[in-house]
Novice: 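My questions will all concern the structure given below.
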Amino acid sequence: MKTRLDTLDETDRNLIALLQLSARDSVANLARKLGVARTTVVARLARLEQNGVIAGYTVKLGQEVSDNALRAYVGITIEPKSARDVLKQFRRMPEIEMLCSVSGEFDYVAWLRATSAERLDQLLDEIGQIEGVSRTTTSIVLALKIER
């Protein structure tokens with residue numbers, strides 16, 4: 001059973017906020033910050049994981065590492081009834097960090113991470129050559145201003 005975020009209590013929401021800042025924080029430190037017992041934090045984490053609210057924990061790269069990558073987002077328009085085949089091709093491209101179906105001008109928006117401008121150019125060519133992709137519009141990320 002999935003739990004909606006609006007059904008969580010204040011302690012759950014505060015715990016999630018703390019984890020978003022630092023998922024490596026110890027249970028003891030989280031309990032201290034929340035003003036609850038360690039066992040409460042352990043139980044809540046288990047429940048949040050079991051209910052799919054917390055899907056996993058990840059590593060966030062430092063600025064000096066992530067600055068070496070070139071990031072871009074690409075608006076993608078596809079031809080009618082070609083979504084399934086296009087998605088199969090996208091799944092084979094590890095440089096696509098995230099792909100969302102969206103409303104509006106595009107059918108999808110893809111977040112790309114490339115090692116160089118040349119690699120980004122190759123990726124854009126590969127995306128544009130996929131049968132069913134009719135148009136792409138690319139914006140290169142110049143600077144990260146807020147990340148949560």
Side-chain angles (χ1 to χ4, degrees), residues 1-27 29-31 33-34 41-148:
M1 176 182 113
K2 297 275 182 186
T3 302
R4 292 177 36 153
L5 285 178
D6 59 354
T7 64
L8 302 176
D9 68 13
E10 184 178 353
T11 302
D12 286 336
R13 288 190 298 276
N14 288 338
L15 175 58
I16 291 166
L18 288 171
L19 289 171
Q20 287 177 309
L21 291 174
S22 177
R24 292 197 62 197
D25 224 350
S26 69
V27 170
N29 201 29
L30 291 168
K33 289 176 181 177
L34 293 170
V41 172
V42 170
R44 285 176 182 258
L45 285 172
R47 180 177 44 80
L48 291 169
E49 290 170 1
Q50 181 181 356
N51 291 340
V53 175
I54 295 176
Y57 302 86
T58 187
V59 172
K60 204 170 173 182
L61 296 176
Q63 191 70 27
E64 65 280 353
V65 175
S66 62
D67 278 347
N68 292 334
L70 185 60
R71 295 183 186 271
Y73 65 92
V74 183
I76 303 166
T77 304
I78 61 168
E79 296 168 5
K81 299 183 182 182
S82 61
R84 182 177 295 151
D85 294 330
V86 170
L87 285 174
K88 284 180 188 177
Q89 296 298 317
F90 286 161
R91 285 189 180 101
R92 295 183 184 137
M93 302 175 82
E95 293 92 348
I96 295 179
E97 291 188 327
M98 184 174 13
L99 179 72
C100 301
S101 60
V102 296
S103 64
E105 182 179 353
F106 306 109
D107 298 304
Y108 295 108
V109 175
W111 277 259
L112 303 181
R113 183 170 185 227
T115 55
S116 66
E118 292 78 20
R119 180 60 188 142
L120 178 60
D121 187 44
Q122 290 171 351
L123 285 167
L124 295 172
D125 286 345
E126 289 173 27
I127 290 170
Q129 292 172 2
I130 293 174
E131 188 173 332
V133 172
S134 60
R135 184 172 69 96
T136 63
T137 302
T138 304
S139 294
I140 295 174
V141 175
L142 300 176
L144 180 63
K145 300 295 186 181
I146 297 173
E147 182 179 28
R148 296 189 174 112

Novice: Donor-acceptor pair, Asp107 side chain versus Thr77 backbone, under 3.5 Å?
Specialist: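 Answer holds: no.
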
Novice: At what distance, to the nearest 0.5 angstrom, does CE of Met98 lie from OH of Tyr73?
Specialist: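 Interatomic distance, Met98 CE to Tyr73 OH, rounded to 0.5 Å: 12.5 Å.
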
Novice: Side-chain donor-acceptor pair under 3.5 Å between Glu49 and Tyr57, yes or no?
Specialist: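 Per modelled atom types, Glu49 and Tyr57 side chains form a pair under 3.5 Å.
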
Novice: Could you check whether any side-chain heavy atom of Ile16 comes within less than 4.5 Å of a side-chain heavy atom of Val53, counting everything from C-beta outward?
Specialist: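 Counting from C-beta outward, Ile16 and Val53 do come under 4.5 Å.
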
Novice: Dump the intermediate steps for side-chain contact (heavy atoms from CB on, under 4.5 Å) on Leu48 and Asn51, then the final yes or no.
Specialist: CA-CA 5 Å; Leu48 291 169; Asn51 291 340; over 6 Å; no

Novice: Please test Leu70 against Leu112 for side-chain contact (heavy atoms from CB on, under 4.5 Å), starting from the C-alpha separation and ending with a verdict.
Specialist: CA-CA 8 Å; Leu70 185 60; Leu112 303 181; over 6 Å; no

Novice: Is there a side-chain contact (heavy atoms from CB on, under 4.5 Å) between Thr137 and Val74 once you walk through the steps?
Specialist: CA-CA 5 Å; Thr137 302; Val74 183; over 6 Å; no

Novice: Decide side-chain contact (heavy atoms from CB on, under 4.5 Å) for Leu34 and Val41; before the verdict, give the C-alpha distance in whole Å, the side-chain angles of both, and the deciding distance to 0.1 Å.
Specialist: CA-CA 9 Å; Leu34 293 170; Val41 172; 4.2 Å; yes

Novice: Between CG of Leu18 and CZ of Arg13, what distance do you get to the nearest 0.5 Å?
Specialist: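 Rounded to the nearest 0.5 Å, the CG-CZ separation comes to 13.5 Å.
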
Novice: When you compare the side chain of Arg44 with that of Asp9, does any pair of heavy atoms fall below 4.5 Å?
Specialist: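 When only atoms from C-beta onward are counted, Arg44 and Asp9 do touch, with a gap below 4.5 Å.
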
Novice: According to salt bridge (charged side-chain N to carboxylate O under 4.0 Å, His left out), does anything in residues 79-95 pair up with another residue at least two apart or in another chain? List the pairs.
Specialist: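 Matches after skipping sequence neighbours: Glu95-Arg119.
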
Novice: For the CD1 atom of Ile78 and the OG atom of Ser134, what is their distance to the nearest 0.5 Å?
Specialist: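 Rounded to the nearest 0.5 Å, the CD1-OG separation comes out at 8.0 Å.
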
Novice: Determine the minimum heavy-atom distance between Met93 and Ile127, stating which atoms define it.
Specialist: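 Result for this residue pair: CE-CG1, 3.7 Å.
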
Novice: Could you report the tightest heavy-atom contact between Ser82 and Gly132, atom names first, then the distance?
Specialist: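 For Ser82 versus Gly132, the nearest heavy atoms are OG-O, 3.5 Å.
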
Novice: How long is the straight-line distance from CZ of Arg113 back to CD1 of Ile96, given to the nearest 0.5 Å?
Specialist: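 If I round to the nearest 0.5 Å, the distance is 14.5 Å.
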
Novice: Ala114 and Leu120: which non-hydrogen atoms are nearest, and at how many Å?
Specialist: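 That closest heavy-atom pairing would be CB-N, 3.7 Å.
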
Novice: Would you check if Val133 and Ile76 make a side-chain contact, meaning some heavy-atom pair closer than 4.5 Å?
Specialist: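 Touching, per the 4.5 Å side-chain cut-off.
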
Novice: Are any non-hydrogen side-chain atoms of Glu126 and Ile130 less than 4.5 angstrom apart?
Specialist: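 No, their side chains stay 4.5 Å or more apart.
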
Novice: Testing the basics here: between Trp111 and Cys100, what is the closest heavy-atom pair and its distance to 0.1 Å?
Specialist: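 Smallest interatomic distance, heavy atoms only, reads CZ3-SG, 3.9 Å.
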
